A.B. asks: 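Handing you a structure now.
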Amino acid sequence: GGVGRQAMSTLSNSKVAERNKERSLIMIKPNGVQRGLVGEVIKRFEQKGFKLVAMKFTQASEEHMKTHYKDLEKLKFYPGLCKYMSSNPVVPMVWEGLGVVKTGRVMLGETDPAKSLPGTIRGDFSVHIGRNLVHGSDSVESAKKEIALWFKDDEVVTYTAGNNEWIYE
Ligand code: ADP
């Protein structure tokens with residue numbers, strides 16, 4: 001009856017609100033910083049409607065990058081990748097929103113810029129797989145790990161964005 005339906009819609013409303021709070025670690029790599037593309041990357045995530053909840057400008061240690069890319073430690077490019085990623089400043093950020101992990105990866109493009117379509121960040125601004133400008137978490141689970149690696153709990157800010165009602169139903 002009416003009561004049951006009311007209860008169900010209340011439950012689904014809170015589940016929907018929860019889904020809007022998915023988070024992804026998006027990081028501008030050293031060449032993105034050096035090439036002056038920090039604003040461009042931020043602009044795309046802002047204009048899409050995702051919400052910035054954490055950001056820093058930092059030069060990571062090689063050890064930190066080895067932890068970040070631990071899953072790739074058996075691959076031949078791993079040492080060079082970690083060395084490169086720690087050679088200059090990076091801009092790690094946490095972006096929040098519905099499907100941000102998957103959609104963020106779509107916005108980035110493929111790992112190999114040659115396979116990335118125009119309109120994607122890697123497709124528009126990069127050529128070489130080892131210099132593909134941006135990192136993005138590949139699952140909600142790895143996003144959680146990466147966010148904890150780069151940010152303390154109190155560096156990730158919970159707030160209501162003024163445009164929220166214009167982005168979500
Ligand atoms: P993604 O960053 O798209 O999640 P991976 O996790 O597979 O991709 O790889 C991490 C990073 O390692 C890539 O973004 C890329 O910069 C680098 N990389 C991947 N494959 C190669 C390769 N064959 N040669 C050099 N660098 C690579």
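Here the structure is a predicted model, which is why all the values come from computation and not from measurement. Indexing begins at 1, ligand by ligand and atom by atom, following the structure's order.
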A.B. asks: Is the shortest distance from a Lys or Arg side-chain nitrogen in Lys15 or Glu18 to a carboxylate oxygen in the other one below 4.0 Å?
C.D. replies: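 Glu18 and Lys15: not salt-bridged.
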
A.B. asks: Where on Leu108 is there a heavy atom closer than 4.0 Å to ligand 1, on the side chain, on the backbone, on both, or on neither?
C.D. replies: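 Contact part for Leu108 vs ligand 1: neither.
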
A.B. asks: Just going by heavy-atom distances, which of Leu133, Thr111, Asp71, Asn31 is nearest to atom 3 (O) of ligand 1?
C.D. replies: Thr111

A.B. asks: Where the closest heavy atom to atom 2 (O) of ligand 1 is concerned, which of Met27, Arg131, Arg122 has it?
C.D. replies: Arg122

A.B. asks: Measure the distance from atom 18 (N) of ligand 1 to every protein heavy atom, then report the residue, atom name and distance (to 0.1 Å) of the closest one.
C.D. replies: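 Nearest protein contact, heavy atoms only, for atom 18 (N) of ligand 1 is Phe77 CE1, 3.4 Å.
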
A.B. asks: Show the atoms of ligand 1 that are less than 4.0 angstrom away from any heavy atom in Arg105.
C.D. replies: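 Selected atoms, number and element: 1 (P), 3 (O), 4 (O).
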
A.B. asks: Any non-hydrogen atom of Lys29 lying under 4.0 Å from ligand 1?
C.D. replies: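 Heavy atoms of Lys29 do come under 4.0 Å of ligand 1.
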
A.B. asks: From Ile121 CD1 over to Lys43 NZ, what is the distance, rounded to the nearest 0.5 angstrom?
C.D. replies: 10.5 Å

A.B. asks: Only pairs at least two apart or in different chains count here, so list each ring-ring contact (aromatic ring centres under 6.0 Å, His included) that has a residue in residues 34-67.
C.D. replies: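 Checked against ring-ring contact (aromatic ring centres under 6.0 Å, His included) - neighbours excluded - the pairs reaching residues 34-67 are Phe45-Trp95, His64-Trp150.
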
A.B. asks: Strictly by side chain to side chain donor-acceptor pair (under 3.5 Å), give each pair with a member in residues 104-128 just once, sequence neighbours left out.
C.D. replies: Arg44-Asp124

A.B. asks: Tell me whether the count of non-hydrogen atoms from other residues, nucleotides or ligands lying under 6.0 Å of CG in Asp154 goes above 12.
C.D. replies: yes

A.B. asks: Would you call Lys21 and Glu96 a salt bridge, taking side-chain N to carboxylate O under 4.0 Å as the test?
C.D. replies: no

A.B. asks: Quick check for you: to the nearest 0.5 Å, what is the distance between Leu37 atom CG and Ile42 atom CD1?
C.D. replies: 11.0 Å

A.B. asks: Using distance alone, determine whether His135 and ligand 1 share an N or O pair under 3.5 Å.
C.D. replies: no

A.B. asks: Counting heavy atoms only, name the option from Val134, Ile129, Leu81 that's nearest to atom 11 (C) of ligand 1.
C.D. replies: Leu81

A.B. asks: Counting only nitrogen or oxygen atoms and a 3.5 angstrom limit, does Tyr69 reach ligand 1?
C.D. replies: no

A.B. asks: Backbone, side chain, both or neither: what part of Asn132 comes under 4.0 angstrom of ligand 1, heavy atoms only?
C.D. replies: side chain

A.B. asks: If you measure from each non-hydrogen atom of Glu110 to ligand 1, which part falls under 4.0 Å: side chain, backbone, both or neither?
C.D. replies: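 Neither part.
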
A.B. asks: Can you report which non-hydrogen protein atom sits closest to atom 5 (P) of ligand 1, along with the distance?
C.D. replies: Leu72 CD1, 4.2 Å

A.B. asks: Can you check whether Leu98's main-chain N or O pairs, donor with acceptor, with Tyr168's side chain at less than 3.5 Å?
C.D. replies: yes

